[in-house]
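What follows is a set of notes on a single structure, which appears directly below.
In what follows, chains carry the letters A, B, and so on, assigned in the order in which the sequence lines appear, proteins first and then strands, with residues in each chain numbered from 1.
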Amino acid sequence: EAGVAQSPRYKIIEKRQSVAFWCNPISGHATLYWYQQILGQGPKLLIQFQNNGVVDDSQLPKDRFSAERLKGVDSTLKIQPAKLEDSAVYLCASSLDRDDEQYFGPGTRLTVT
Amino acid sequence: AQSVTQLDSQVPVFEEAPVELRCNYSSSVSVYLFWYVQYPNQGLQLLLKYLSGSTLVKGINGFEAEFNKSQTSFHLRKPSVHISDTAEYFCAVYHQGGSEKLVFGKGTKLTVNP
């Protein structure tokens with residue numbers, strides 16, 4: 001069974017630029033999560049999708065971050081414009097349904113200079 | 001508010017020694033508890049989980065954890081570590097009927113020395 005795929009694995013941008021990350025969850029998984037992991041901290045949930053609907057985006061900085069999962073399968077997370085404090089690893093995870101075990105992708109390491 | 005505290009940010013041990021990584025949580029409702037491991041430049045992998053039933057939970061790679069409701073703890077243990085256990089370990093809590101999202105601790109960096 002293929003795992004959660006993410007791309008790119010690494011990205012370096014300058015502040016005020018925009019960037020997008022892509023995630024393809026495990027086939028058949030209804031729930032998709034985006035986490036932000038700042039160096040030295042645990043992952044923090046940014047947004048959770050159930051199929052193509054948003055379940056929780058309470059910790060998503062909506063003035064600069066956006067995410068979509070239009071067809072209920074893969075998802076894109078965008079940052080525009082980026083700030084220095086956005087430097088982090090962005091992890092995507094998926095689960096069969098809410099309350100089920102989450103499987104994590106390898107993450108995208110973003111560096112904002 | 002729900003929170004997870006991992007009491008040690010770094011734990012150095014020698015190979016074949018026992019290890020305990022400590023985790024405490026705060027919650028007023030029933031919880032599910034998890035331990036994840038993260039190897040360098042990789043995502044998180046589930047080590048073990050407590051949902052209900054026996055308070056002693058066994059996971060992969062010889063790890064186990066014990067749920068202690070009165071002390072609100074879920075410490076991770078391994079009787080004999082290997083060099084390959086060097087990684088970052090995260091404790092996480094999921095509140096049933098609460099916020100319904102995983103809340104992670106800050107992590108414990110385990111370094112196993114020869």
Side-chain angles (χ1 to χ4, degrees), chain A residues 1-11 21 23-26 29-50 53-60 88-111, chain B residues 1-11 21-26 29-52 57 59-60 74 76 87-110:
Chain A
E1 171 179 89
V4 177
Q6 289 188 248
S7 68
R9 291 295 313 277
Y10 305 92
K11 189 75 176 179
F21 313 128
C23 171
N24 194 27
I26 293 173
H29 280 196
T31 314
L32 185 147
Y33 314 79
W34 282 102
Y35 290 88
Q36 180 191 57
Q37 185 179 15
I38 292 173
L39 187 65
Q41 298 184 23
K44 181 183 80 172
L45 180 69
L46 291 176
I47 189 167
Q48 177 182 342
F49 292 95
Q50 182 70 12
V54 175
V55 173
D56 184 347
D57 63 357
S58 58
Q59 297 190 97
L60 187 74
V89 175
Y90 291 85
L91 294 165
C92 179
S94 70
S95 60
L96 197 60
D97 207 338
R98 297 171 70 174
D99 293 353
D100 288 324
E101 178 181 339
Q102 296 184 29
Y103 295 83
F104 285 80
T108 295
R109 182 177 297 277
L110 173 68
T111 301
Chain B
Q2 59 203 41
S3 66
V4 179
T5 302
Q6 291 186 241
L7 297 160
D8 307 294
S9 59
Q10 296 186 56
V11 173
L21 306 183
R22 297 180 292 170
C23 173
N24 286 88
Y25 68 93
S26 65
V29 298
S30 296
V31 297
Y32 297 152
L33 294 158
F34 305 82
W35 275 100
Y36 286 86
V37 60
Q38 186 175 36
Y39 298 102
N41 299 316
Q42 295 187 27
L44 277 69
Q45 180 183 4
L46 183 66
L47 270 180
L48 49 79
K49 59 186 176 185
Y50 171 79
L51 304 181
S52 65
V57 180
I60 62 172
F74 190 56
L76 181 70
E88 188 104 30
Y89 292 79
F90 292 93
C91 181
V93 61
Y94 182 96
H95 292 77
Q96 300 178 55
S99 63
E100 296 188 350
K101 62 185 175 188
L102 268 181
V103 175
F104 287 86
K106 291 188 175 182
T108 297
K109 171 67 175 171
L110 174 65

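- When each of A:F104, A:Y35, A:Y10 is scored by its heavy-atom pairs under 4.5 Å with chain B, the top score falls to A:F104.
- Contact annotation for B:K109: neither backbone nor side-chain heavy atoms come within less than 4.5 Å of a heavy atom of chain A.
- Of all the heavy atoms in A:G42 and B:F90, the pair that sits closest is CA-CE2, 3.5 Å.
- In this structure, chain B has heavy atoms under 4.5 Å from both the backbone and the side chain of A:Q102.
- No more than 12 heavy atoms of other residues, nucleotides or ligands sit less than 6.0 Å from atom CG of A:L39.
- Taken from CZ in A:R98 to OH in B:Y94, the straight-line distance is 6.5 Å, to the nearest 0.5 Å.
- For the atom pair CG of A:L45 and CZ of B:F104, the computed distance is 9.0 Å after rounding to the nearest 0.5 Å.
- For B:Q6, no part lies near chain A; criterion is any non-hydrogen pair under 4.5 Å.
- No part of A:Y33 comes within reach of chain B, as not one of its non-hydrogen atoms sits under 4.5 angstrom from that chain.
- Only the side chain of B:Y36 comes within contact range of chain A, with at least one heavy atom under 4.5 Å from a heavy atom of that chain.
- One finds the NZ atom of B:K101 at 9.0 Å from the CD atom of A:Q48 (value rounded to the nearest 0.5 Å).
- Remark: the backbone N or O of B:N41 is not paired with any side-chain donor or acceptor of A:R109 at under 3.5 angstrom.
- The two residues A:L91 and B:G43 make their nearest non-hydrogen contact at CD2-CA, 4.2 Å.
- B:L44 touches chain A through backbone and side chain together, each having a heavy atom under 4.5 Å away.
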